[in-house]
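Just so it is clear, the values below take in all heavy atoms, side chains as well, and ignore hydrogens, waters and symmetry mates.
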Amino acid sequence: MTREWRTGSIELVDGYALLDGEGREVRRLAGIEFAVEGGYLNVRVPGRDGLQLLSAPAVRSVRTDG
């Protein structure tokens, strides 16, 4: 299965966080790339190597650019 990457922003519910490009825990990020796979979001954050994985219950909202 090939991931379909999109660009946009994400907001997480209380109790969940992503690492931003400087390594800080944040609940909101813009300018990210993400791919939906089953009940998970694979997230690529500019300035960080690798992927961050979130389960669907962690996500309050996700928006695509454009």
Does any non-hydrogen side-chain atom of [Y] lie less than 4.5 Å from one of [X]?
{"X": "Phe34", "Y": "Ile10", "answer": "no"}
{"X": "Asn42", "Y": "Leu53", "answer": "yes"}
{"X": "Leu12", "Y": "Val59", "answer": "yes"}
{"X": "Arg27", "Y": "Arg60", "answer": "yes"}
{"X": "Leu19", "Y": "Arg24", "answer": "no"}

Could you measure the distance from the CZ atom of Arg3 to the CG atom of Leu51? Nearest 0.5 Å is fine.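 With rounding to 0.5 Å, CZ (Arg3) is 5.5 Å from CG (Leu51).
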Kindly compute the distance separating CD1 (Ile32) from CG (Leu41), expressed to the nearest 0.5 Å.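 Going from CD1 on Ile32 over to CG on Leu41, the span is 7.5 Å.
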Atom CZ of Arg6: over 12 foreign heavy atoms under 6.0 Å: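 12 or below, so no.
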Who are the side chain to side chain contact (heavy atoms under 4.5 Å, CB included) partners of Arg63, not counting sequence neighbours?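 Side chain to side chain contact (heavy atoms under 4.5 Å, CB included) list for Arg63, sorted by chain: Ser9.
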Shortest non-hydrogen contact from Glu25 toward Ala17: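 For Glu25 versus Ala17, the nearest heavy atoms are CB-CB, 3.9 Å.
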How close do Asp20 and Arg48 get, counting heavy atoms only, and between which atoms?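 Distance-wise, the nearest heavy atoms are O-CD, 2.9 Å.
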